[in-house]
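This report concerns only the one structure given below.
Lettering follows sequence order; numbering is per chain, from 1.
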Number of protein chains: 2
Amino acid sequence: MTQTSFLAVIRLLSAQALLEQKFSQELGSVHGLSLNDSLLMMHLEQAPLLRLSRVDLAKRLCVSPSTVTRMTLPLEKLGMLGREADVRDARLAYVTLTDTGRKVIGAARQTLERKSKEVFKDRWGADEIEALADLLGRLTASQPNDLV
Amino acid sequence: MTQTSFLAVIRLLSAQALLEQKFSQELGSVHGLSLNDSLLMMHLEQAPLLRLSRVDLAKRLCVSPSTVTRMTLPLEKLGMLGREADVRDARLAYVTLTDTGRKVIGAARQTLERKSKEVFKDRWGADEIEALADLLGRLTASQPNDLV
DNA sequence: CCGATATCTTTCCGAACGCAAGCATTTAGC
DNA sequence: GCTAAATGCTTGCGTTCGGAAAGATATCGG
């Protein structure tokens, strides 16, 4: 007798591995972004001033602060991200989304949306997709600032 | 207007990052296994003869064959996994689950079950957890041999 | 039977990550 | 006002992963 919660967790982990495999390749070859790069930029997209601190981004992405530093470096050199200091707190180094970055993540989002539709193309009703999104939203709701 | 399927995918990716962060640490410090190590051994657990080929494992875990080779190496040295040749096909090198491995993955499973329950502890009804597991099962159903 | 192709596995190389340590700055206690 | 603790960011080191290449074996077509 297997617990339902355990079953749900295992399937969620397996499903993520499947989706990452499906999305990663095209996202990288077409837009030059990794999946985590895209999530980072989408968080910036919906941030108040198109900017977030690095620790804030780390919490939202569930990665270490050092990873954020390393992730933003190449994107900054490509002109997709910028750096901004805080007037009050000299420790903060905000990551900002540039106009170039907005265009790139906009295009990448279209790719993600198209491939997302493909995932549910067969044997899925609109109400079921919505139910899944809703239930997953309750999991991520415990985290700082849900995405989308 | 954001697509529901896109919303579901983004939330699934975020939820996975959250779960991996929650589970990874204790799983590693207590049992010496990574999350992927555990999934690999659980796949072996339910295999017909407690054994699977490396490419088969790679497909089930959605990782490259080289990753399976590297993952199994230390677990083999620790006596949790074994190696078995095929009588008909000399190319195959089955990964087998030893008695030691069965005990270890059994203990790790208990940890995973306990922490899985914690995830849904608050604000979740039994019917909702089951609905989530069911919907996720339809995603992984497209893959070779669903787990659990 | 034999060559061409396909499959299974491993190794090498570069990329990405977490952790611990370190530096700079801010905040809190006295 | 000054020291101690806390916070934000970066760097070095070890670990893990995917892709390409290589070697071994199997299968297929003639």
Side-chain angles (χ1 to χ4, degrees), chain A residues 13 16-29 31-41 51-78 81-96 144, chain B residues 13 16-29 32-40 51-78 81-96 144:
Chain A
L13 297 175
Q16 185 275 345
L18 180 62
L19 292 184
E20 175 154 359
Q21 198 178 44
K22 277 199 166 132
F23 287 23
S24 199
Q25 179 127 9
E26 183 168 349
L27 205 56
S29 60
H31 306 283
L33 297 176
S34 75
L35 212 44
N36 261 347
D37 288 340
S38 305
L39 290 177
L40 186 150
M41 295 175 76
R51 70 178 197 184
L52 289 170
S53 78
R54 280 162 159 80
V55 287
D56 196 349
L57 276 169
K59 287 174 188 168
R60 291 172 194 240
L61 297 171
C62 291
V63 299
S64 67
S66 57
T67 298
V68 175
T69 294
R70 263 184 266 98
M71 280 174 66
T72 54
L73 203 70
L75 297 176
E76 198 172 339
K77 290 190 176 177
L78 291 173
L81 301 181
R83 178 180 294 255
E84 207 169 298
D86 189 295
V87 186
R88 310 279 179 181
D89 194 334
R91 293 172 303 181
L92 274 73
Y94 289 115
V95 181
T96 66
Chain B
L13 297 175
Q16 186 274 344
L18 180 62
L19 292 183
E20 174 154 359
Q21 198 179 43
K22 276 199 163 115
F23 288 23
S24 199
Q25 180 125 10
E26 182 167 350
L27 204 57
S29 60
L33 298 175
S34 74
L35 211 45
N36 261 348
D37 288 341
S38 305
L39 290 177
L40 187 150
R51 70 177 197 183
L52 290 170
S53 78
R54 280 162 159 79
V55 288
D56 196 349
L57 277 169
K59 287 175 187 169
R60 291 170 195 241
L61 297 171
C62 292
V63 299
S64 68
S66 56
T67 298
V68 175
T69 295
R70 258 183 278 97
M71 282 175 65
T72 54
L73 200 71
L75 296 175
E76 198 172 338
K77 289 190 177 176
L78 291 172
L81 301 181
R83 179 180 294 256
E84 207 169 297
D86 189 295
V87 187
R88 310 278 179 180
D89 194 334
R91 294 173 303 180
L92 274 70
Y94 289 114
V95 181
T96 66

Specify the separation, in whole Å, of atom [atom1] of [X] and atom [atom2] of [N].
X	N	atom1	atom2	answer
A:L73	C:dC17	CG	P	13 Å
B:M71	D:dT16	CE	C1'	10 Å
B:L33	D:dT15	CG	C1'	16 Å
A:R88	C:dT27	CZ	P	11 Å
A:L57	D:dC9	CG	C1'	13 Å
A:E84	D:dC9	CD	P	13 Å
B:N36	D:dC17	CG	P	6 Å
A:E20	D:dG19	CD	P	11 Å

On DNA chain C, check which nucleotide each of B:T72 and A:D37 is closest to and give me the residue with the more 5' one. B:T72
Interatomic distance, B:E84 atom CD to B:L92 atom CG [nearest 0.5 angstrom]: 11.0 Å
Rounded to the nearest 0.5 Å, the OG1 atom of B:T72 sits from the CG atom of B:L40 at a distance of 7.5 Å
We want to know whether B:S34 and B:D37 form a side-chain donor-acceptor pair, criterion being a heavy-atom distance below 3.5 angstrom. yes
Are B:T69 and B:S66 linked by a side-chain donor-acceptor pair shorter than 3.5 Å? no
Does a side-chain N or O from B:R54 land closer than 4.0 Å to OP1 or OP2 of C:dT10, or not? yes
Just N and O in the side chain of B:R83: are any of them under 4.0 Å from OP1 or OP2 of C:dT10? yes
Take B:R70 and A:L52, find for each the nucleotide of DNA chain D with the closest heavy atom, and name the residue whose nucleotide sits nearer the 5' end. A:L52
Nearest listed nucleotide, side chain of [X], among [options]:
X	options	answer
B:A93	D:dT10, C:dT9, C:dG18	C:dT9
A:V55	D:dC9, C:dC17, D:dT25	D:dC9
B:Q25	D:dC9, D:dA26, C:dC19	C:dC19
A:A90	D:dT25, D:dC17, C:dT26	C:dT26
B:T69	C:dT11, D:dG8, C:dG18	C:dT11

Does some side-chain heavy atom of [Y] sit less than 4.5 Å from a side-chain heavy atom of [X]?
X	Y	value
B:Y94	B:D86	yes
A:T67	A:S64	yes
A:R83	A:R51	no

Can you list every stem that DNA chain D is part of, counting only runs of 3 or more consecutive Watson-Crick or G-U wobble pairs with both distances under 3.5 Å? C:1-30 with D:1-30
So, does the side chain of A:S66 form a donor-acceptor pair with the base of C:dC19 at under 3.5 Å? yes
Is there, by distance only and without an angle test, a donor paired with an acceptor across the side chain of B:R91 and the base of D:dG23 below 3.5 Å? no
May I ask you to say what A:V63 touches in the nucleic acid, namely base, sugar-phosphate or nothing, with a heavy-atom cut-off under 4.0 Å? sugar-phosphate
Hey, are B:D89 and B:R91 close enough for a salt bridge, meaning a charged N less than 4.0 Å from a carboxylate O? yes
